[in-house]
Amino acid sequence: MSEFVPSFDDKKIDKKWQDIWYNGTYFNAEDFSDKEKYYSLVEYPYPSGAGMHIGHIRAYLSLEVISRKRRMEGKNVLFPIGFDAFGLPTENYAIKNQIHPRIITDRNIKIFIQQLKATGFSFDFNRLVDTTDSEYYRWTQWIFLKLYEHGLVYKDIAYVNYCPSCQVILSNEESQGGKCDRCVSEVVQMEKKVWFLKITEYADKLLDGLNDLECNTRIKTEQQKWIGKSVGAYIYFPVKDTSERLKVFTTRADTIYGATFMVIAPEHPLLEEFSERIKNLDEVKAYQEKAKHKSEFERIELSKDKTGVLIKGINAINPLTNEVIPIFISDYVMITYGTGAIMAVPAHDTRDYDFARKYNLEIREVISGGNIEEEAYTDIKGGTLVNSSIIDGLEVKDAIIKITKFLEDNNLGEAAMQFKMKDWAFNRQRYWGEPIPIIYCEDCGVVPVPYEDLPVELPMVEKFMPSDTGESPLANIPEYVNCVCPKCNKPATRETDTMPQWAGSSWYFLRYLDPSNNQELASKEKLNYWGKVDWYNGGMEHVTRHLIYSRFWNHFLYDIGVVPNAEPYKKRTAQGMILGADNEKMSKSRGNVVNPQDIIDEYGADTLRTFVLFISDYEMSTPWSDSGVKGARRFLDKVWRLFPKVNDLNSYTKSLELIINKTIQGVEKDCETLKFNTAIAKMMTLTNEYNKQTQITRADYEVLLKILNPIAPHLCEELWNKLGHKELLVFEPYPEFDISKTVENDIPIVISVNGKVRDKIQITRDTAKVELEKIALSQKKIITFTEGKQIVKIIVVPNKLVNIVVK
RNA sequence: GCCGCCGUGGUGAAAUCGGUAGACACGAUGGAUUCAAAAUCCAUUGCUAGAGAUAGCGUGUCGGUUCAAGUCCGACCGGCGGUACCA
């Protein structure tokens, strides 16, 4: 004991235990083990050149703690990690520095693995997944072909951000604010035929499936809103003097008698169809052109000031009143939602109201209860239908039902549903992505690559610069483009677009179950054994897209019999962000980025882990603080310094029994509810309590090491080892608490007068109400406040307080 | 605009069901130890008054409900995140 130093050597201890863990099989998940399985999943990182961010550490630590705890609870834990390595930053870096993305990716992945290990994460590193590995994306392509086979893939026109000066298609990130990232010129919306996945076909399933997902309401509502189901009706408005009918979608069929004009999107096909009839075609064309050049940004900015053009020469007829009504084009109606056409009811829709006011159109009230002189009356709870013929006098909800029925019966419309969610534009004009396994043949048309020819590999070429035609770089690589038609063996060409970033991450959680299977994406047996992800943690920003996309793929794979569950995840949580010390989002440009490696170098991995978990509520965002790190280290040193105080007794010190049991109970609950900050606070309190003793027992100490182990495993393993244990803490049973020893016998009771605390007394637990009242009233301090006053009321909350109300 | 979260000491933050506001930590001040410093240990630390016991005030603002409000209700102000004319 004489050589005991007052502060542990983090470098030595970190290395020692990391070597033991990672050279051993401690964290390897065992397929088909008899133990109960537990699958914890964190969102795998994009291996950027900057290395790991403090945000990664926080994101992974929750389930790191849970996974280590589950192993101690006897579970067969699968806690995998991998890399979502396709993507723009790598490609851009590659172009700039003339290094192939493959080389950069491999280099970055290596750095990430090294950093993850330096932090002591208990990932199963034998199941690494890399989405850019052709043995992985072979199955991404396979799923795409399956989707194709089942009619869920189609080609259609999409509007992409195009920079006319660079002649390059830009991602949304590269064209923020409507300006090109590279040359700052205006970005235009260009039409392009691209691949779509019919995710909308799964909209209802994805909505219903949310019932089975355990998560907070925020996560649920964000997904619900993203899917955006709305129930209403299609109504057909005949186009005057033609046999065409203009189809509109509305959720307010009840307001049809108030429709005073129609609005169609600038891209609406009606304009093309009846172009000869349009008397002001030039004006219309000019408006269409203007709308095309409006970036999304501008459309939002200008949203309050509505513009439009009256189409002269074509009119619509209200199918119920036969009234002739004008048609406008305006970009406040989107071609991408509903039918791209609306019946405008200015009296009861704010957008139509604004438009009507601007162009002096009739505003006809059909629901009483508002003041349409002032604003549109959109409330659907109050109000009765007026000026509405067959639905006059009805309430809104009844009117909707009746009018929809009437429309259906008379073939003037039908009940309908719309989703805000759009089909998934599944393409990028980039090199560094999964090739889309499609071949174009002059004779056979679009031909899917046969399954046995997968993977379609990315060519390892030196030239992967963007083309100047808005096509993918792959289009410039003849040895890639030129191929043979699998059907007729004639020369053919390959699809040159690649898949979007979200492709690989839509099924990676399945590949972890069987990462090196070259026959199937994962074996049936393993899929069945591991089942659903038990707990999935990740960023709030992925709750809409990634979560929905991956649920979609999983639902599809379930429908074709590949996976055993429709829903892939049982439970989803999300961590809060760590901001810079200046309370701003961490970014290179702000210079407030914290590199976790610096903390490890200075204080060791356990300090980093402890502090990141201690900093605040896990689900809340919080600024970084350098000074707080020291506190975490100080705490761990205190635990270390307890070691010489440990005696050989194998039971808890009597006077510590209560706090030990309470701490186990509290830490257990806090960890399971992601309240790691309070869990650590409780362990700090216990440590401070131990510190006051001249001696503590081995049992006292060991229980602390066990509950602290998931958070600070290097230190705990070291101390556990120093106590003479041969086995590691990894599978040591997690401590249990004795509920009967978590409650004190003597408890403090607060006595207040008129709600103000005036005295505190110690009393035996469960003292009767009357008794408490009597004791409270007889306290000297209390008497000074009650003397000479009338006692109106006494409230007694057993084991808590007595409140005396006086006058 | 809409939806959600949040607003508590000098700082990060705690606070089951409405029941002792500020646990735990950082920082600060004073002391011990040291030749000195670091580290460590002890004490104090919401604000105001007081030597002190203690008293008054105090959870973004205003109002309400209640014996009792950080917590519930209403109106507002500020910050963050999501979303964007969704018919």
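Within every chain, numbering begins at 1; the chains are lettered A, B, ... in the order of the sequence lines, protein sequences first and strands thereafter. Worth saying up front: this structure is predicted, and the values here are computed from it rather than measured.
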At under 4.0 Å between heavy atoms, how does the protein contact nucleotides 2-12 of chain B? Give one character per nucleotide, 5' to 3', with B, S or -. -SS-------B
Base contacts versus sugar-phosphate-only contacts with protein, heavy atoms under 4.0 Å: please encode nucleotides 39-44 of chain B as B, S and - from 5' to 3'. -SS---
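With 3.5 Å as the limit, one finds a donor-acceptor pair spanning the side chains of A:N688 and A:K638. For the residue pair A:T307 / A:Y332, no side-chain donor-acceptor distance below 3.5 Å is found, with atom types taken as modelled. Side-chain contact check for A:Q779 and A:R758: no donor-acceptor pair (N or O, by modelled atom type) lies under 3.5 Å. A:N799 and A:D766 form a side-chain donor-acceptor contact under 3.5 Å, judged by distance and modelled atom types alone.
Nucleic acid contact class of A:M540 (heavy atoms, under 4.0 Å, all strands): none. Across all strands shown, A:S752 has no heavy atoms under 4.0 Å from either base or sugar-phosphate atoms. If you check every strand for non-hydrogen atoms under 4.0 Å, A:V757 touches sugar and phosphate atoms only. Residue contacts shown for A:K420 include a base, since a base heavy atom lies under 4.0 Å away. Within the 4.0 angstrom heavy-atom criterion, only backbone atoms of the sugar-phosphate kind lie near A:G631; the bases stay farther away. Within the 4.0 angstrom heavy-atom criterion, no nucleotide atom of any strand lies near A:F676.
Going from the P atom of B:rG56 to that of B:rA69 covers 15 Å, rounded to whole Å. B:rC76 and B:rC2 have their P atoms separated by 10 Å, with the value rounded to a whole Å. Comparing the C1' positions of B:rG7 and B:rU40 gives an interatomic distance of 38 Å, to the nearest angstrom. Rounded to the nearest Å, the gap between the C1' atom of B:rA14 and that of B:rU65 is 27 Å. A distance of about 13 Å separates the C1' atoms of B:rA13 and B:rU59, rounded to the whole Å. Nucleotides B:rG52 and B:rC41, compared at atom P, are 28 Å apart to the nearest Å. For the C1' atom pair drawn from B:rC57 and B:rG22, the interatomic distance equals 16 Å after rounding to whole Å. The separation of B:rG4 from B:rC72, taken at their P atoms, amounts to 14 Å, rounded to a whole angstrom.
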Please enumerate all protein N or O atoms sitting under 3.5 Å from an N or O of nucleotides 66-69 of chain B, with distances to 0.1 Å.
residue	atom	partner	partner atom	Å
B:rC67	OP1	A:K793	NZ	3.3
B:rC67	O2'	A:N803	ND2	3.2
B:rC67	O2	A:N803	ND2	2.6

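Proximity note for A:L801 (side chain, C-beta onward) versus B:rA87, B:rG82, B:rG19: the nearest is B:rG19. Candidate nucleotides B:rG19, B:rC26, B:rC24 were compared by shortest atom distance to the side chain of A:M684, and B:rC24 ranks first.
For A:F328 and A:F355, the ring centers are positioned less than 6.0 Å apart. Taking the six-membered ring for Trp and the full ring otherwise, the centers of A:Y359 and A:F261 sit at least 6.0 Å from each other.
Nearest-nucleotide positions on RNA chain B place A:K669 closer to the 5' end than the other of A:K669 and A:K756.
In this structure, A:K662 places its NZ atom 14 Å from C1' of B:rU16, rounding to the nearest Å. Atoms CE (A:M683) and C1' (B:rA25) sit 14 Å apart, rounded to a whole Å. Here the C1' atom of nucleotide B:rG27 and the CZ atom of A:R633 are 20 Å apart, to the nearest Å. Atom NZ in A:K682 sits roughly 18 Å away from atom P in B:rA13 (whole-Å rounding). For the pair A:K780 NZ and B:rU54 P, the interatomic distance rounds to 14 Å; values are reported in whole Å. Separating the CG atom of A:D617 from the P atom of B:rA13 is a distance of 10 Å, rounded to the nearest angstrom. Regarding A:D759, its CG atom lies at a distance of 10 Å from the P atom of B:rA55, rounded to whole Å. Between A:I329 atom CD1 and B:rA87 atom P the separation is 22 Å, expressed in whole Å.
Here A:D352 pairs with nothing under the salt bridge (Lys or Arg N to Asp or Glu O under 4.0 Å) rule; sequence neighbours left out. Under the salt bridge (Lys or Arg N to Asp or Glu O under 4.0 Å) criterion, A:R641 pairs with no residue at all, not counting sequence neighbours.
The glycosidic torsion of B:rG9 lies within 90° of 0, which places this base in the syn conformation. Base orientation of B:rC17: syn (glycosidic angle within 90° of 0).
Under a cut-off of 6.0 angstrom, the local environment of NZ in A:K774 is sparse, with at most 12 non-hydrogen atoms contributed by other residues, nucleotides or ligands. A:K358 NZ: more than 12 foreign heavy atoms inside a 6.0 Å radius.
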Both distances under 3.5 Å, Watson-Crick or G-U wobble: on that basis, could you give the dot-bracket string for RNA chain B, with [ ] for crossing pairs and | for other-strand partners? (((((((..(((......[....)))((((((.......))))))((((....))))..(((((..]....))))))))))))....
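For B:rA55, the OP1/OP2 oxygens have a side-chain nitrogen or oxygen of A:R758 closer than 4.0 Å. Residue A:N677 has a polar side-chain atom (N or O) positioned under 4.0 Å from OP1 or OP2 of B:rA14. Note on A:N688: a side-chain N or O is less than 4.0 Å away from OP1 or OP2 of B:rA25.
At a threshold of 4.0 Å, the pair A:E43-A:R572 counts as salt-bridged, since one of the basic side-chain nitrogens sits closer than that to a carboxylate oxygen. Ion pair A:K675/A:D670 not flagged as a salt bridge, since none of the NZ, NE, NH1 or NH2 atoms sits closer than 4.0 Å to an Asp/Glu carboxylate oxygen. Salt-bridge formation is detected for the pair A:R252/A:D254: a Lys NZ or Arg NE/NH1/NH2 atom is positioned less than 4.0 Å from an Asp or Glu carboxylate oxygen.
The cationic group of A:R364 does not satisfy the cation-pi geometry with A:Y257, failing either the under 6.0 Å distance to the six-membered ring centre or the 45° limit from the ring axis. Both cation-pi conditions hold for A:K247 and A:Y234: the charged atom is under 6.0 angstrom from the six-membered ring centre and inside a 45 degree cone around its axis.
Looking at A:R633, its side chain never comes within 3.5 Å of a backbone N or O of A:T607 through a donor-acceptor pair.
Using a 30° and 60° split on the angle between ring planes, A:W424 and A:Y549 fall in the parallel class, below 30°.
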